[in-house]
A.B. asks: 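One structure, pasted below without further comment.
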Amino acid sequence: MSFPLLTATAVLPAIGAVATAAVPAAQRTAAKWLALIVSLATLALAITVLVRFDPDGGRYQLTESHAWIADFGVRYELGVDGIAVALIALTALLIPFIILAGWHDADPLETGSKRWRPTQGFFALILGVEAMVIISFEATDVFLFYIFFEAMLIPMYFLIGGFGDRAHEHGEEAASTQRSYAAVKFLLYNLVGGLIMLAAVIGLYVVAGNFSLQEIVQARANGSLHMATNTERWLFLGFFFAFAVKAPLWPLHTWLPNAMQESTAPVAVLITAVVDKVGTFAMLRFCLQLFPEASKWATPAILVLALISIVYGALLAVGQRDIKRLVAYASISHFGFIIMGIFAMTSQGQSGATLYMVNHGISTAALMLVAGFLISRRGSRLIADYGGVQKVAPVLAGTFLVGSLATLSLPGLAPFVSEFLVLVGTFTRYPAIGIIATFGIVLAALYTLVLYQRTMTGPVKQEVSAMPDLRARELVVVAPLIVLLIFLGVYPKPVTDIVNPAVKSTLSDVHKKDPKPEVEAVAK
């Protein structure tokens with residue numbers, strides 16, 4: 001039997017989470033180092049998956065399949081295509097930076113009668129989320145995917161509610177109340193989506209007789225499985241609703257600003273750069289492959305919702321007073337671009353959407369983590385409490401600027417390529433949608449540049465006059481992300497080469513081809 005590489009990639013952080021939680025309470029530093037070492041070992045396994053994956057090979061590779069709950073047709077089936085490989089690599093890459101950035105976020109702190117939860121729990125929960133996200137990207141059994149799609153909500157709930165941001169203008173008691181509210185709202189929104197999806201998963205089993213993605217897709221392709229039109233549409237809506245909550249798509253997005261505002265910066269990155277990607281990934285893997293006709297039927301409505309997300313998220317970002325809420329609404333706008341690219345049903349759109357998932361993860365991590373370092377120094381999330389930071393902390397201001405420019409998709413930085421592909425892919429099939437979506441770019445320039453201007457330029461405020469610049473640990477976190485933003489902005493080919501074959505297969509599943517140009521090339 002060959003080495004179960006995919007299982008190992010998901011199980012290692014799970015074992016690391018248990019081991020980290022078991023470290024004695026007095027050994028907080030040892031727990032941190034253990035979590036970091038486990039995350040780096042998981043990254044090594046993810047790189048091995050990346051190296052062993054052949055873009056020109058079969059659709060699903062490194063597959064594993066074992067009987068699990070045979071009476072109900074449930075199997076332990078894993079396999080990765082190019083899209084999953086790219087997102088596994090992104091997840092494994094970001095977790096060490098998240099751990100390093102949050103090195104002191106869960107240190108014990110006495111505040112009246114309240115005390116922060118043990119440091120070990122914080123890092124164990126992060127590794128637990130990593131394990132569940134990775135196996136969600138690997139699962140090709142629908143029921144197996146559903147279990148971990150839902151299970152990751154529990155550690156995220158405790159990370160938001162138990163280890164929230166210490167910077168709160170109304171004191172610790174108000175902060176604790178707001179954290180609890182944000183955590184409960186996150187959990188309830190996603191649980192409702194998950195329960196609706198569970199009904200659809202059961203309905204899929206009734207229709208198909210099993211939960212294997214590959215078997216169901218193959219049966220539909222050869223005509224041995226037929227779904228009635230209304231049945232397929234209802235099942236699609238059940239799956240899509242859960243993924244749209246996780247993504248998040250307007251109007252199911254309202255949990256995200258609260259969750260990111262009340263979380264520590266590393267946990268906010270974990271939410272929007274890692275966990276939320278499961279929703280958009282699942283749209284490609286499950287919605288389009290299992291329900292191709294329903295996906296085409298729902299496309300116009302989904303494109304309108306994505307367009308609203310783009311413009312609405314950007315408009316609300318412009319008016320934010322809180323740095324974290326601004327980044328949250330910017331992410332809602334960016335997820336609108338991703339979903340628009342997926343349902344444009346073109347190779348450029350879906351390649352751009354997949355690349356956008358990777359690039360958004362890197363750019364949001366860079367901006368939010370630097371913002372977290374800034375907030376930890378001043379003790380405030382409010383934009384108005386800053387000014388002139390670039391004069392006292394030029395390296396911090398410079399990295400903040402690069403992260404901001406990446407967020408507005410400046411040419412030469414990674415998000416530009418993906419956003420351009422999404423817009424081109426959308427415009428070729430839905431020109432009106434593509435044209436309106438470009439206003440999101442204009443608004444992005446407004447909210448990012450205004451944020452930088454108000455926090456980094458102008459007179460130095462007294463409260464920031466003694467602010468230290470980035471320390472060595474913080475530079476180790478930020479510098480690689482900045483390098484990746486520049487590298488993938490100039491040379492995105494390594495990622496597009498991996499994801500393009502999977503995108504072509506997905507388009508084939510929904511029986512879509514790229515539209516031909518309306519104007520033929522002029523002969524020389």
Side-chain angles (χ1 to χ4, degrees), residues 59-60 63 73-88 132-152 190 193-221 225 227 231-249 252 275-299 302 335 338-339 341-343 345 350 353-354 357 499 502-503 505-512:
R59 181 169 189 176
Y60 292 103
T63 55
V74 180
R75 297 185 62 82
Y76 177 79
E77 285 189 349
L78 305 180
V80 289
D81 59 4
I83 299 170
V85 167
L87 293 176
I88 290 171
M132 294 175 189
V133 169
I134 288 176
I135 202 167
S136 297
F137 291 142
E138 296 173 344
T140 56
D141 181 278
V142 177
F143 191 80
L144 178 66
F145 168 84
Y146 173 77
I147 288 175
F148 290 99
F149 179 82
E150 287 293 278
M152 70 180 71
N190 284 275
L195 288 173
I196 293 174
M197 180 182 170
L198 178 60
V201 168
I202 295 171
L204 179 66
Y205 175 74
V206 171
V207 173
N210 65 78
F211 294 104
S212 173
L213 171 68
Q214 297 182 69
E215 290 184 15
I216 295 172
V217 171
Q218 182 61 34
R220 298 210 65 178
L225 172 63
M227 291 187 192
T231 299
E232 180 178 346
R233 290 178 179 179
W234 280 112
L235 293 178
F236 168 85
L237 290 174
F239 276 74
F240 181 80
F241 183 86
F243 302 152
V245 172
K246 184 87 79 178
L249 178 68
L252 306 172
V275 172
D276 287 354
K277 298 299 187 300
V278 178
T280 47
F281 164 80
M283 292 178 188
L284 280 165
R285 171 164 284 191
F286 295 105
C287 285
L288 268 61
Q289 293 186 43
L290 292 173
F291 316 111
E293 297 305 318
S295 297
K296 291 187 285 188
W297 162 76
T299 287
I302 294 172
F335 275 104
I338 293 170
I339 295 170
I342 291 171
F343 284 90
M345 302 291 186
Q350 292 189 355
T354 305
M357 292 186 221
V499 304
V503 166
S505 297
T506 303
L507 282 176
S508 176
D509 289 334
V510 294
H511 311 294
K512 282 283 190 178

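For this chain, numbers begin at 1 and follow the sequence in order.
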A.B. asks: Could you give me the CA-CA distance, side-chain angles and deciding distance for Met197 and Val245, then say whether side-chain contact (heavy atoms from CB on, under 4.5 Å) is met?
C.D. replies: CA-CA 11 Å; Met197 180 182 170; Val245 172; over 6 Å; no
A.B. asks: With a 6.0 Å cut-off (strictly less than), is the heavy-atom count around CZ of Phe236, excluding the residue itself, greater than 12?
C.D. replies: yes
A.B. asks: Is there side-chain contact between Asn210 and Asp141, with heavy atoms separated by less than 4.5 Å?
C.D. replies: no
A.B. asks: Evaluate the side-chain proximity of Asp81 to Arg285: yes if any heavy-atom separation is below 4.5 Å, no if none is.
C.D. replies: yes
A.B. asks: Compare all side-chain heavy atoms of Phe343 with those of Leu288 and state whether any distance is below 4.5 angstrom.
C.D. replies: yes
A.B. asks: Tell me, with the steps shown, if Leu204 and Ile216 meet side-chain contact (heavy atoms from CB on, under 4.5 Å).
C.D. replies: CA-CA 9 Å; Leu204 179 66; Ile216 295 172; 4.0 Å; yes
A.B. asks: Once rounded to the nearest 0.5 Å, what's the spacing between atom OG of Ser295 and atom CZ of Phe239?
C.D. replies: 11.0 Å
A.B. asks: Phe243 and ring-ring contact (aromatic ring centres under 6.0 Å, His included): which partner among Phe149, Tyr146, Phe281?
C.D. replies: Phe149
A.B. asks: Given the side-chain rings of Phe211 and Phe145, with only the six-membered ring counted for Trp, is the space between their centroids under 6.0 Å?
C.D. replies: no
A.B. asks: If we ignore hydrogens and angles and just use 3.5 Å, is the side chain of Gln350 paired with the main-chain N or O of Ile342 as donor and acceptor?
C.D. replies: yes
A.B. asks: Report the C-alpha separation of Leu78 and Ile135 in whole Å, then their side-chain angles, then the decisive distance to 0.1 Å, and conclude whether the side-chain contact (heavy atoms from CB on, under 4.5 Å) test is met.
C.D. replies: CA-CA 8 Å; Leu78 305 180; Ile135 202 167; 4.1 Å; yes
A.B. asks: Within this structure, what is the CG-OG1 distance for the pair Leu284 and Thr354, rounded to the nearest 0.5 Å?
C.D. replies: 5.0 Å
A.B. asks: Using modelled atom types only, decide if a donor and an acceptor are shared between the side chain of Thr280 and the backbone of Ala247 within a distance under 3.5 Å.
C.D. replies: no
A.B. asks: Step by step, work out the side-chain contact (heavy atoms from CB on, under 4.5 Å) result for Met227 and Glu293.
C.D. replies: CA-CA 10 Å; Met227 291 187 192; Glu293 297 305 318; over 6 Å; no
A.B. asks: Taking Leu144's backbone N and O only, do any of them form a donor-acceptor pair with Tyr76's side chain (distance below 3.5 Å, no angle check)?
C.D. replies: no
A.B. asks: Hey, are the side chains of Glu232 and Val207 touching, using non-hydrogen atoms and a 4.5 Å cut-off?
C.D. replies: no
A.B. asks: Does the side chain of Leu213 reach to within under 4.5 Å of the side chain of Phe286, using non-hydrogen atoms?
C.D. replies: yes
A.B. asks: Any heavy-atom pair between the side chains of Val278 and Met152 that's under 4.5 Å?
C.D. replies: yes
A.B. asks: Please examine the side chains of Leu235 and Leu290, heavy atoms only from C-beta on, and report whether any two atoms are closer than 4.5 Å.
C.D. replies: no
A.B. asks: Could you grab the distance from atom CD1 of Ile83 to atom NZ of Lys277, nearest 0.5 Å is fine?
C.D. replies: 14.5 Å
A.B. asks: Are Gln218 and Ser212 packed together at the side-chain level, in the sense that at least one heavy-atom pair is separated by less than 4.5 angstrom?
C.D. replies: no
A.B. asks: Give, for atom CG of Leu87 and atom OG of Ser136, the distance between the pair rounded to the nearest 0.5 Å.
C.D. replies: 11.5 Å
A.B. asks: What's the spacing between Lys246 NZ and Asn190 CG if we round to 0.5 Å?
C.D. replies: 4.5 Å
